[in-house]
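To start, the structure under review is shown below, and the notes come after it.
This chain uses plain numbering: 1 for the first residue, then up along the sequence. Given the structure is predicted, the values throughout are model-derived calculations rather than measurements.
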Amino acid sequence: MIIGITGGVGCGKSTVLNYFKDKYKAYIIEADKVAYDLSLPGNPGYDSILRFFPEVKLMDNGFIDRKHLASIVFNDESKLKLLNSIIHPLVKEKITELIIENRENRYIIIEAALLIEDGYDNICDEIWYIYCDLETRIERLNKSRNYSREKSLEIINNQMSEEDYKKHTDYIIDNSFDQESTHNKIDELLSKRQFD
């Protein structure tokens with residue numbers, strides 16, 4: 001069974017992924033990590049990024065300075081679209097390969113912030129939206145990443161709206177409370193599946 005996990009920044013998707021991995025021995029695919037690997041030297045994304053973003057800085061080891069790249073595209077919609085058009089097809093292709101390689105796993109979990117926008121509903125059996133109330137998200141982002149309230153809101157407001165997430169997903173996990181509550185909701189959803 002392939003489950004797509006999505007939700008905005010600070011909603012606690014990693015909590016859900018860790019539980020799937022620890023309790024259900026699920027094979028986890030994180031689109032951001034796949035994208036990172038594809039942008040390393042020797043991979044197809046690396047050359048394309050340097051070709052289309054010649055201004056991007058490189059680190060001492062030759063790796064792309066991801067913070068600098070993010071600063072280039074963050075407030076420029078056309079450059080962000082260009083970057084996405086380079087990386088996202090490569091990521092989707094790699095994820096498809098990983099699914100085939102790990103199809104013996106009972107659960108394969110794909111986590112991506114742009115799961116819906118990039119059409120992963122064609123790959124996944126179900127899409128789960130990890131929801132969390134706004135104030136809890138802001139508090140978590142402050143604790144985990146030291147983001148100010150203003151920075152958190154800026155990022156959140158640039159992401160898909162709660163209403164749009166709900167429209168395009170099969171199930172909602174409310175992750176606004178403690179981890180035990182979230183774990184119980186996951187168990188409850190999975191217990192309804194007849195994949196034994």
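Side chain of Ser48 to backbone of Ile86: no donor-acceptor contact under 3.5 angstrom is found. Checking side-chain atoms of Glu111 against main-chain N and O of Gly4 turns up no donor-acceptor pair under 3.5 Å. Judged by distance alone, with hydrogens and angles left aside, the side-chain atoms of Lys185 form a donor-acceptor pair with the main-chain N or O of Asp174 at under 3.5 Å. At least one donor-acceptor pair under 3.5 Å links the side chain of Asp133 to the backbone N or O of Thr136. In terms of modelled atom types and a separation under 3.5 Å, the side chain of Asp125 and the main chain of Ile2 share a donor-acceptor contact. In terms of modelled atom types and a separation under 3.5 Å, the side chain of Lys79 and the main chain of Phe53 share no donor-acceptor contact. A donor-acceptor contact shorter than 3.5 Å links the side chain of Asp65 to the backbone of His68. Of the possible polar contacts, none joining the Lys57 side chain to the Leu69 backbone as a donor-acceptor pair under 3.5 Å is found. Side chain of Asn142 to main chain of Tyr147: a donor-acceptor pair is present (N/O by atom type, distance under 3.5 Å, no hydrogens or angles).
The shortest side-chain heavy-atom distance between Ile127 and His168 does not fall under the 4.5 Å cut-off. Using a 4.5 Å heavy-atom cutoff, the side chains of Ile29 and Ile108 are in contact. Looking at Tyr120 and Ile95, their side chains come closer than 4.5 Å, going by heavy atoms from C-beta outward. A 4.5 Å side-chain heavy-atom check between Tyr107 and Leu190 finds at least one atom pair inside the cut-off.
A salt bridge does not link Lys94 with Glu101: every distance from a Lys NZ or Arg NE/NH1/NH2 to an Asp or Glu carboxylate oxygen is 4.0 Å or more. Under 4.0 Å is where a charged nitrogen must lie from a carboxylate oxygen, and between Arg149 and Glu135 at least one such pair does. A salt bridge links Lys23 with Asp187: the closest approach of a Lys/Arg side-chain nitrogen to an acidic carboxylate oxygen falls below 4.0 angstrom. A salt bridge links Glu77 with Lys81: the closest approach of a Lys/Arg side-chain nitrogen to an acidic carboxylate oxygen falls below 4.0 angstrom.
The distance from atom CG of Asp37 to atom CG of Asp32, rounded to the nearest 0.5 Å, is 11.0 Å. Here Ile28 contributes atom CD1 and Ile5 contributes atom CD1; the two are 8.0 Å apart, rounded to the nearest 0.5 Å. Residue Thr169 holds its OG1 atom at 10.0 Å from CG of Leu115, rounded to the nearest 0.5 Å. Considering CG of Leu83 and CD1 of Ile72, their distance stands at 9.5 Å, rounded to 0.5 Å. Going from atom CD of Glu162 over to atom CG of Leu134 covers 9.0 Å, rounded to the nearest 0.5 Å. Here the CD1 atom belonging to Ile186 is positioned 5.5 Å from the CD1 atom belonging to Ile173, to the nearest 0.5 angstrom.
Under the 4.5 Å side-chain heavy-atom criterion for grouping Ile, Leu, Val, Met, Phe, Trp and Tyr, Ile64 is connected to Leu82 within one hydrophobic cluster. Hydrophobic clustering (side-chain heavy atoms under 4.5 Å, transitive across Ile, Leu, Val, Met, Phe, Trp, Tyr) keeps Met160 apart from Ile110. With hydrophobic clusters built from ILVMFWY side chains whose heavy atoms lie under 4.5 angstrom apart, Leu189 does not share a cluster with Phe177. Phe52 and Val91 fall within a single hydrophobic cluster, where Ile, Leu, Val, Met, Phe, Trp and Tyr are joined by side-chain heavy atoms under 4.5 Å apart, directly or via other members. Under a hydrophobic clustering in which Ile, Leu, Val, Met, Phe, Trp and Tyr are joined whenever their side-chain heavy atoms come within less than 4.5 Å, directly or via other members, Tyr131 and Leu114 fall into different clusters.
With 3.5 Å as the limit, one finds a donor-acceptor pair spanning the side chains of Ser161 and Asp164. Asn184 and Ser181 share no donor-acceptor pair across their side chains, judged by distance under 3.5 Å alone.
Arg140 approaches Cys132 most closely through the heavy-atom pair NH1-SG, 3.4 Å. The minimum heavy-atom distance between Cys11 and Arg137, with the atom names listed, is SG-NE, 3.4 Å. The nearest pair of heavy atoms linking Ser39 to Ile49 is CB-CD1, 3.9 Å. Closest approach of Val9 to Leu141, counting heavy atoms only: CG2-CD2, 3.6 Å.
Taking the six-membered ring for Trp and thresholds of 30 and 60 degrees, Tyr165 and Tyr129 have nearly parallel ring planes, at less than 30 degrees apart.
For His183, the ring-ring contact (aromatic ring centres under 6.0 Å, His included) partners are Tyr19, not counting sequence neighbours.
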Tyr46 and Leu40: CA distance, side-chain angles, deciding distance, side-chain contact (heavy atoms from CB on, under 4.5 Å) verdict: CA-CA 6 Å; Tyr46 181 83; Leu40 293 176; 5.8 Å; no
Steps toward side-chain contact (heavy atoms from CB on, under 4.5 Å) verdict (Met1, Asn105): CA-CA 8 Å; Met1 184 179 188; Asn105 287 66; over 6 Å; no
Audit row: Thr96, Ile123, side-chain contact (heavy atoms from CB on, under 4.5 Å) steps and yes/no: CA-CA 8 Å; Thr96 303; Ile123 295 174; 4.0 Å; yes
Ring pair (Phe, Tyr, Trp, His ring centres under 6.0 Å) between Trp128 and Phe20, intermediate numbers included: CA-CA 13 Å; Trp128 291 14; Phe20 263 111; 5.6 Å; yes
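Judged by the 6.0 Å distance and 45° axis criteria, Lys33 is not positioned over the aromatic ring of Tyr36. A cation-pi arrangement is not found for Lys21 relative to Tyr27, the charged atom failing to lie both closer than 6.0 Å to the ring centre and inside a 45° cone about the ring normal.
Summarising the local packing, CD of Glu180 is surrounded by 12 or fewer heavy atoms from other residues, nucleotides or ligands at distances under 6.0 Å.
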